[in-house]
Amino acid sequence: MALPDRFDPTAESKIYERWLDAGCFHADAKRSTRIGGDREPFTIVIPPPNVTAILHLGHALDDVTQDVIIRWARMKQQETLWVPGTDHAGIATQNVIEKQLATEGKTRFDLGRDAFVKRTEAFVAETGGVILRQLRAIGASADWSRTAYTLSPELSKAVREAFVRLYEDGLIYRGHRVIHWCPRCLTSLSDEEAEFEEETGAIYHVAYATSAGGGSREAGGTPSGASSSLQPPASQLVVATTRPETMLGDVAVAVNPADDRYTSLIGKTVRLPILDIEIPIVADDYADPAFGTGVVKITPAHDANDFEVGKRHNLPMPVVIDEHGVMNEGADARGRVPDFVRGEDRFAARKKIVKALQESGALVKTEQHQHNVRHCYRCDTVVEPRLSDQWFVKMAPLAKPALEGLRTGALRILPQKWEGVYTHWLENIRDWNISRQLWWGHRIPVWYCKDCDPPQNIHVSRDDLTACPACGGPVKQDEDVLDTWFSSWLWPLTTLGWPDEKSDDFRAFYPTDVLVSGPDIIFFWVSRMIMAGYRFVGRTPYHTVLLHGMARDTQHRKMSKSLGNGVDPLEVTRRYGADAMRWTLISGMGLGADIILDPNDLEKTFATGRNFVTKLWNIGRFLLEKAGTAAVRPVADLAPASLQRADHWILWRLDVAIAECDAALGPLRPVTPLDNADRVHWTESERYSGMRLNDLAETARRFVWNELADWYVEAIKSRLADGGPDAEVARAVLVHVFDAALRLLHPVVPFVTEAIWQQLPSHVEDTYLASALWPTRRASAADRGAHEFDLVRETVSALRQIRAEYAVPPGTSIAAVIVATNGTANVGRVFAEEATTFERLSRAELRVEQRAPGGAAAHAVLTGGTSLVVPLAGLVDVQKECTRLQSELTSLEKQLASLESRLGNEKFVSRAPADVVEGERRKLGEWSARRQQLREKVQALCGA
RNA sequence: GGGCGAAUAGCUCAGUUGGUUAGAGCGCCUGCCUUACACGCAGGAAGUCGGGGGUUCGAGUCCCUCUUCGCCCACCA
């Protein structure tokens, strides 16, 4: 039956269903060699997308990359597991629900905590996980029976286990300090979640009048009595600040103790403008003499550095900005927020303060200022440093083994350039603020007893507490939840059953193999998972971290919703099919390199993939129509003598393609034992090899299109049409090599390859390409027949070149003569015999002669000194041919000269590797022969 | 302010330890609807590998330097 001339992408979902029905993606722990089975396990855990997310191109990029690796491993007959799942995404999800509420004119506080959480749960249950269904549309071959969720009861239990263990080990502590606070999300953020953005702001120089006399150090925020000093009239200290509104919380100004300009003032006081109170001048190294005036105002409650200075000098810490970013008197701040700014937003207050300073003459000058301001990574609000109590994880002890793991090669990072980023971050790691003032997330497993005295009033527990374990009195659980990343850093552990280390899944599949991610979450996630792996089970969670690039638009901007420059992968899938998208992404993305796509021209952007899928489909169509579906003999059963040159050639090219694909993908895992059989490390030679998926794609494409379709298929058309035993040989070889090509291509374009493979004559019912065997190459090398076919190709190309160059009309025959010199007449016979296959295309008559015909002729010099000559009678401009020949001769002579000088160079001959020198010698011979022929040609045609 | 990366055909990119005459896709030009494919076939044009210096028999590849982009980190108010 006739197949349509294009692959129908709507068939993709049906193919996916069949894979599911056949259980192709299901992994069986029992089969893992780690628990007595006979297949090596190969595992990837998906970077869990936010449960409320919808698929965007970044996900597609990430997940297709993983799918290619997973499908490859599956075909290598590994017990292959790809764990899917979602992240509850604390802030992000809470924001979604709060936005919903806002449209109803409500806030979460109107609902109350329980109702809010219930509503969020309902929302997640109803619409959450959409992205997982979308992943099926792009072909993700995950084991859906193991779908995980960071807020599931199982994972929540594991999160508690981790918290309690760290607490018991003294690695979790409660700290009172200045943290990053988002006044919109109303929660604290980790250092990583507060992202720097460069902004143009202003820097204000404000004069603080120095009081005479020694202000008392503990003067702090309270106006220090009368400065009854006899010092000369007030001079002033000028401080520079980008945030004048915080001056209401100033408790001191600091100068560097080594700064001669100010040493005499240390211990004295200045008068804070507006509030008109005395604050001390302290000496602290934090003040940089080289910056600004060398004097810095100290606002301990609203700046992390000032906080440290305040602690060192035992200064009070008045809070003048509340959690909403509004000016209000907080702790220790009585009388510090004047009426004219009270209740004002911090930015509005800034203007008013500046104005007031201006009016009072305290504002010395204002300058434009480039600086980096931290923003909330979720809502982009400017982060407010805020003094509060938070839970922290002590990270330095966790970082050590993670650094060691990379050093010893227990894990590798691809591409290598990210190693430095990883190492630098870990070596300078800071403690991790894990509490969030949210309602959506894992509630911190800490209970406070009102009746016991601190610190005995803190109880950390794996189980919910209803009464104080110490005194039996009532307890109250910490109001905060844990940072989302506190559950995702356990992902490779928890999705496999941890803390139950005896579970089949954990024993069978941990450690996993490869972690695929974008470099933007090296700190948030990748590194922390490694730390958790070492901390909780003593082993790295994976041996390979593969970091791909980002999707960007043609202006190299990151694709994002807010910029509106995104490409919707589902739209692409609808229009061109998932395979077309997968192909375009994978083949266009070098290892770790960004991929540039044009969101305004999907047609052009995805043409590569779409065209390739169609080509593949049509090769399949040809095969089915011309070669039929009757069973074929295995290639191994064919008598070698029955194979034609073209058969030998394509089998050889297939071997080369397989070898190159294997090299592109590299080893599945490191193989060298480190200290025992369970622990392996990458050797230097393996360490940066493999995972070049674009190379896999390119190699396979070249084979199936430029070699199989362009040459082999053309070469056997007449053989197939002739029928008989030789047609059977050609059929068998065609089916064999195309089958193998489909296997090589399947990881990248799973749908179309499966659709075709199912119909191949070699197909065994109820088997799937998705779990078929990865091809291996034959032991034998290229034989003579294969090389001879290369000469046939060369001849045909030369004929076509001549035909095109002289505009020989299609359908017009040209007579070509193979002139064989150097005793290669037999090669000439090969051309005549085999190239007739292509005759219909080239409309050439081939003859073999031992001498060149006289008169004007177009020629092509072939490998081995043979020449193809086409009489030009009536066809051509002799002048033109003459010019062409001469320029060809000139360039050949130039290249020969440089080749000769190289070979004449003693150092080259003695220092270059033998094979290089030998190659150059061989080339010299070939080129010399070619030059001789060209010269003769020129002489015959052009006279002189 | 530190660190890292990039610069190769009109566009987007490959180019593994230095070693034939630097490749692909898209676009472009010419000719073809040749019975699998016009989302195709055949042929073609197009690159002083960002500039300059150096090492080497040999450099797109290694070193230095400059220029231009990009990313990450960082407590300079």
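Just so we're on the same page: letters track the sequence lines, and every chain starts at 1.
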Could you list the protein-to-nucleotides 43-47 of chain B atom pairs, N/O on both sides, closer than 3.5 Å?
from	atom 1	to	atom 2	distance (Å)
G44(B)	OP1	Gln801(A)	NE2	2.7

Distances for protein N/O vs nucleotides 15-17 of chain B N/O pairs under 3.5 angstrom?
from	atom 1	to	atom 2	distance (Å)
U16(B)	O2	Arg692(A)	NH2	3.1

(Q) Say we look at G3(B) and G58(B): how far apart would their P atoms be, to the nearest angstrom? (A) 33 Å
**Q.** His369(A) and Glu367(A): CA distance, side-chain angles, deciding distance, side chain to side chain contact (heavy atoms under 4.5 Å, CB included) verdict
**A.** CA-CA 6 Å; His369(A) 185 61; Glu367(A) 291 173 326; 5.8 Å; no
Q) Any salt bridge (Lys or Arg N to Asp or Glu O under 4.0 Å) pairs touching residues 412-428 of chain A, not counting sequence neighbours? A) Glu419(A)-Arg687(A)
Q.
Contact between Leu693(A) and Val748(A) at the side-chain level, heavy atoms closer than 4.5 Å - yes or no?
A. no
Q) Which parts of residues 902-910 of chain A get close to RNA chain B, meaning a heavy atom less than 4.0 angstrom away? A) Arg902(A), Asn905(A), Lys907(A), Phe908(A)
(Q) Which label fits Phe7(A) and Trp617(A): parallel for a plane angle under 30°, tilted from 30 to 60°, or perpendicular past 60°? (A) tilted
(Q) What is the distance, to the nearest angstrom, from the CG atom on Asn618(A) to the C1' atom on G40(B)? (A) 8 Å
Q) Minimum heavy-atom separation for Ile619(A) to Ala709(A), with atom names? A) CD1-CB, 3.7 Å
Q: Please name the pair of heavy atoms, one in Thr366(A) and one in Ala202(A), separated by the smallest distance, quoted to 0.1 Å.
A: CG2-CB, 3.9 Å
Identify the pairs formed between an N or O of the protein and an N or O of nucleotides 24-28 of chain B at a distance under 3.5 Å, and give each distance.
from	atom 1	to	atom 2	distance (Å)
G25(B)	O2'	Thr608(A)	OG1	2.7

Q: May I have the distance from Arg803(A) (atom CZ) to C41(B) (atom P), rounded to whole angstrom?
A: 19 Å
Q | Phe738(A) ring center within less than 6.0 Å of Phe622(A) ring center | A | no
Q.
Run the salt bridge (charged side-chain N to carboxylate O under 4.0 Å, His left out) test against Arg921(A) and tell me which residues pass, sequence neighbours left out.
A. none
Q.
Say we look at C11(B) and G53(B): how far apart would their P atoms be, to the nearest angstrom?
A. 26 Å
Q.
Applying a 4.0 Å non-hydrogen cut-off, can you work out what Pro519(A) is touching in the nucleic acid: base, sugar-phosphate, or nothing?
A. nothing
Q: Just call it for Ala304(A): base, sugar-phosphate, or nothing, with non-hydrogen atoms closer than 4.0 Å on any strand.
A: nothing
(Q) Distance check needed: C37(B) P versus Trp617(A) CH2, whole Å only. (A) 14 Å
**Q.** All side-chain hydrogen bond (donor to acceptor under 3.5 Å, both in side chains) counterparts of Glu926(A), not counting sequence neighbours
**A.** none
Q) Within the structure, does a side-chain N or O atom of Lys717(A) lie under 4.0 Å from either OP1 or OP2 of A36(B)? A) yes
**Q.** Distance, P atom - from U61(B) to U55(B), rounded to whole angstrom
**A.** 15 Å
Q: Please say whether more than 12 non-hydrogen atoms of neighbouring residues, nucleotides or ligands are located less than 6.0 Å from CD in Glu198(A).
A: yes
**Q.** Partner set under side-chain contact (heavy atoms from CB on, under 4.5 Å) for Lys923(A), not counting sequence neighbours
**A.** Leu899(A), Glu920(A), Trp927(A)
Q | For atom CG of Leu892(A) and atom C1' of U20(B), their distance in whole Å | A | 13 Å
Q.
Nearest whole Å is fine: how far is C37(B) P from Arg610(A) CZ?
A. 17 Å
Q) With rounding to whole Å, what would you report as the distance between A77(B) and G5(B) at their P atoms? A) 28 Å
Q.
Can you give me the closest heavy-atom contact between His180(A) and Asp191(A), atom names plus distance?
A. NE2-OD1, 2.9 Å
Q: Could you work out the separation of G44(B) and A7(B) based on their C1' atoms and round it to a whole Å?
A: 29 Å
Q: Determine whether more than 12 heavy atoms belonging to other residues, nucleotides or ligands lie under 6.0 Å from atom NE2 of His424(A).
A: no
Q) Over how many whole Å does the gap from Asp710(A) atom CG to G40(B) atom P extend? A) 11 Å
Q. For Val178(A), what residues pass the side-chain contact (heavy atoms from CB on, under 4.5 Å) criterion, not counting sequence neighbours?
A. Ala304(A), Phe307(A), Pro385(A), Leu387(A)
**Q.** Where protein sits on nucleotides 68-77 of chain B, one letter per nucleotide: B base, S sugar-phosphate only, - none, heavy atoms under 4.0 Å
**A.** ----SSBBBB
Q) Would you say the side chain of Glu714(A) and the base of A36(B) hold a donor-acceptor pair, judged only by whether the two atoms sit under 3.5 Å apart? A) yes
Q.
As a quick check of understanding, evaluate side chain to side chain contact (heavy atoms under 4.5 Å, CB included) for Val572(A) and Val567(A), giving each step before the final call.
A. CA-CA 8 Å; Val572(A) 175; Val567(A) 169; 3.6 Å; yes
Q. Are any of Lys615(A)'s side-chain N or O atoms less than 4.0 Å away from OP1 or OP2 of C37(B)?
A. no
Q.
A side-chain contact here means heavy atoms from C-beta on lying under 4.5 Å apart; do Phe523(A) and Val421(A) qualify?
A. yes
Q) Between Val713(A) and Arg930(A), who's closer to the 5' end of RNA chain B by nearest nucleotide? A) Arg930(A)
Q) Which part of the nucleic acid does Ala709(A) contact within heavy-atom distance under 4.0 Å: base, sugar-phosphate only, or nothing? A) base
Q.
I'd like the C1' distance from A9(B) over to G23(B), given in whole Å.
A. 10 Å
Q: Could you tell me which non-hydrogen atom of Ser527(A) sits nearest to which non-hydrogen atom of Ile522(A), and how far apart they are?
A: OG-O, 2.7 Å
**Q.** Dot-bracket line, read 5' to 3' along RNA chain B, where crossing pairs take [ ] and | marks a partner on another strand, Watson-Crick or G-U under 3.5 Å
**A.** (((((((..((((.....[...)))).(((((.......))))).....(((((..]....))))))))))))....
Q.
Say we look at A14(B) and C49(B): how far apart would their C1' atoms be, to the nearest angstrom?
A. 13 Å
**Q.** Derivation of the side chain to side chain contact (heavy atoms under 4.5 Å, CB included) call for Tyr262(A) and Leu237(A)
**A.** CA-CA 9 Å; Tyr262(A) 303 117; Leu237(A) 280 182; 3.3 Å; yes
(Q) Would you measure the distance from the P atom in U16(B) across to the matching atom in C75(B) and give it in whole Å? (A) 38 Å
Q: Rounded to the nearest angstrom, tell me the gap between atom CG in Asp598(A) and atom C1' in C11(B).
A: 10 Å
**Q.** Spacing between Arg702(A) atom CZ and G23(B) atom P, to the nearest angstrom
**A.** 13 Å
Q | Taking every non-hydrogen atom, the tightest pair across Trp583(A) and Leu745(A) | A | CZ3-CD2, 3.7 Å
Q: Any salt bridge (Lys or Arg N to Asp or Glu O under 4.0 Å) involving residues 282-305 of chain A? Give me the pairs, sequence neighbours left out, ordered by first then second residue.
A: Asp250(A)-Lys297(A), Asp284(A)-Arg312(A)
Q: Kindly indicate, with the supporting measurements, whether the criterion side chain to side chain contact (heavy atoms under 4.5 Å, CB included) is fulfilled by Ser517(A) and Val545(A).
A: CA-CA 8 Å; Ser517(A) 170; Val545(A) 173; 5.9 Å; no
Q. Taking atom types as they are modelled, is there a donor-acceptor pair under 3.5 Å from the base of U20(B) to the side chain of Trp927(A)?
A. no
